[in-house]
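In this chain, numbering begins with 1 at the start of the sequence shown. Computed from a prediction, not measured in an experiment: that's the story for all the values here.
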Amino acid sequence: MNKPPYPHPIIAREGWPFLAGIVLISILVSLWSAPVSIPFWIVSVFVLQFFRDPGRVAPAGELNVLSPADGRIVAVEEVRDAYADREALKISVFMNVFNVHSNRSPVNGTVQQINYFPGSFVNAALDKASLENERNAMVLHTEHGHVVTSVQVAGLVAKRILCYAKQGDRLYAGQRYGFIRFGSRVDVYLPLGARPRVAIGDKVQATSTVLAELPDTSVRP
């Protein structure tokens with residue numbers, strides 16, 4: 001077990017301006033009228049919980065694929081991975097507005113390519129969101145020769161996808177690499193032969209939950 005370091009414990013830096021703004025407004029309204037300020041403080045609490053970003057402990061295992069996001073599993077299926085041009089196992093994590101929305105790398109790997117695709121903003125829980133919504137795809141190559149694609153997908157009210165990784169970067173499993181605001185999903189595409197460790201409907205946590213195990217390339221038939 002290991003705990004990846006985080007640059008800003010507890011509250012994500014993406015939320016600092018929002019939280020500072022709403023708290024300041026709440027204080028000013030409180031000085032004028034305490035009863036009127038109640039809705040503003042409720043919004044402040046919502047913003048605080050939305051941008052929370054706790055550190056997580058990652059299970060040990062070189063072949064583990066860690067969940068890149070908090071949420072609920074909405075897809076475990078074999079599909080075409082258009083980003084890496086292959087057949088793949090797709091596991092999708094849907095995040096609602098009450099989940100933690102920072103995204104972590106699912107594996108240790110080198111970023112081979114990152115591609116952004118503009119699109120619509122339909123409900124991220126729907127299958128068509130994977131191909132129709134605004135999204136950002138990151139293709140990773142692991143030291144064991146596996147290709148893992150992690151796709152940030154915007155949701156119904158998500159209006160901005162943030163990705164801080166760049167082509168050529170070396171990421172470790174559980175490393176924070178992006179953020180999506182206000183409801184979304186992350187699709188993970190794995191090589192065929194990967195063994196799922198989750199099922200549709202399961203609740204998962206970023207870094208802490210193992211989505212699947214990659215094939216052991218050291219074993220020869």
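- Between the OH atom of Tyr164 and the CD1 atom of Ile114 there is a distance of 12.5 Å, given to the nearest 0.5 Å.
- Across all non-hydrogen atoms, the minimal contact from Ala137 to Val151 is CB-CG2, 3.9 Å.
- Shown here is Phe98, whose CZ atom has no more than 12 heavy atoms of other residues, nucleotides or ligands within 6.0 Å.
- Once rounded to the nearest 0.5 Å, the distance linking CD1 of Ile22 with CH2 of Trp41 reads 9.0 Å.
- The hydrophobic cluster containing Val43 also contains Ile27, counting ILVMFWY residues as joined when their side-chain heavy atoms lie under 4.5 angstrom apart, directly or transitively.
- Across every non-hydrogen atom of Ala58 and Thr207, the tightest pair is CB-CG2, 3.6 Å.
- Shortest non-hydrogen contact noted between Arg104 and Ala206 is NH1-CB, 3.4 Å.
- Counting heavy atoms from C-beta outward, Asn115 and Tyr83 have side chains that stay 4.5 Å or more apart.
- Side-chain heavy atoms closer than 4.5 Å link hydrophobic residues (I, L, V, M, F, W, Y) into clusters, and following such links, possibly through other members, connects Val188 to Ile200.
- With a 4.5 Å cut-off on side-chain heavy atoms, Val111 and Lys166 do not count as touching.
- Residues Tyr177 and Ser150 form a side-chain contact, since some pair of their non-hydrogen atoms from C-beta on lies under 4.5 Å apart.
- For residues 200-213, every residue pair satisfying the salt bridge (Lys or Arg N to Asp or Glu O under 4.0 Å) rule, not counting sequence neighbours, is listed here: Arg195-Glu213, Arg197-Glu213.
- Checked options Val186, Ile91, Val204; the residue passing with Ser67 is Val204 (criterion: side chain to side chain contact (heavy atoms under 4.5 Å, CB included)).
- With sequence neighbours left out, Glu78 forms a salt bridge (Lys or Arg N to Asp or Glu O under 4.0 Å) with no residue at all.
- Salt-bridge annotation for Arg56 and Asp70: present, with a side-chain N of the basic residue lying under 4.0 Å from a carboxylate O of the acidic one.
- One finds the CG atom of Leu66 at 8.5 Å from the CG atom of Asn108 (value rounded to the nearest 0.5 Å).
- Under the 4.5 Å side-chain contact rule for hydrophobic residues, Val57 and Val210 do not share a cluster.
- From Tyr172, atom OH reaches atom OG of Ser105 across 9.5 Å, with rounding to the nearest 0.5 Å.
- Using a 4.5 Å cut-off between side-chain heavy atoms of Ile, Leu, Val, Met, Phe, Trp and Tyr, with links allowed through other members, Val100 and Met95 fall into different hydrophobic clusters.
- At distances below 3.5 Å, not a single donor-acceptor pair connects side-chain atoms of His101 with backbone N or O atoms of Arg52.
- Side-chain contact between Arg86 and Thr149 is present, with heavy atoms from C-beta onward closer than 4.5 Å.
- Here OG of Ser184 is found 8.5 Å from CD of Gln152. Values are rounded to the nearest 0.5 Å.
- Under the salt bridge (Lys or Arg N to Asp or Glu O under 4.0 Å) criterion, no residue pair touches residues 57-68, with sequence neighbours excluded.
- The CG atom of Asp169 lies 8.0 Å from the CD atom of Gln175; values are rounded to the nearest 0.5 Å.
- The residues Arg176 and Asp53 are annotated as salt-bridged, a charged nitrogen and a carboxylate oxygen being separated by less than 4.0 angstrom.
- Ser92 and Arg185 are linked by a side-chain donor-acceptor pair at a separation below 3.5 angstrom, with hydrogens and angles left out of the test.
- The heavy-atom pair separating Gly71 from Asn99 by the smallest distance is CA-OD1, 3.7 Å.
- Within the 4.5 Å cutoff, side-chain heavy atoms of Ile73 are placed close to those of Leu211.
- Under a hydrophobic clustering in which Ile, Leu, Val, Met, Phe, Trp and Tyr are joined whenever their side-chain heavy atoms come within less than 4.5 Å, directly or via other members, Ile42 and Val45 fall into different clusters.
- You'll find the side chain of Leu190 stays beyond 4.5 Å of the side chain of Lys90, heavy atoms only.
- Remark: Arg135 is positioned above the aromatic ring of Phe117, its terminal NZ or CZ atom under 6.0 angstrom from the ring centre and at most 45 degrees off the axis.
- The shortest non-hydrogen separation linking Ser30 to Ser26 is OG-O, 2.7 Å.
- Between Pro191 and Leu214, some side-chain heavy-atom pair lies under the 4.5 Å cut-off.
- Minimum heavy-atom separation, Asn64 to Pro59: ND2-O, 3.8 Å.
- Proximity of His146 to Leu63: side-chain heavy atoms (C-beta onward) are separated by under 4.5 Å at one or more points.
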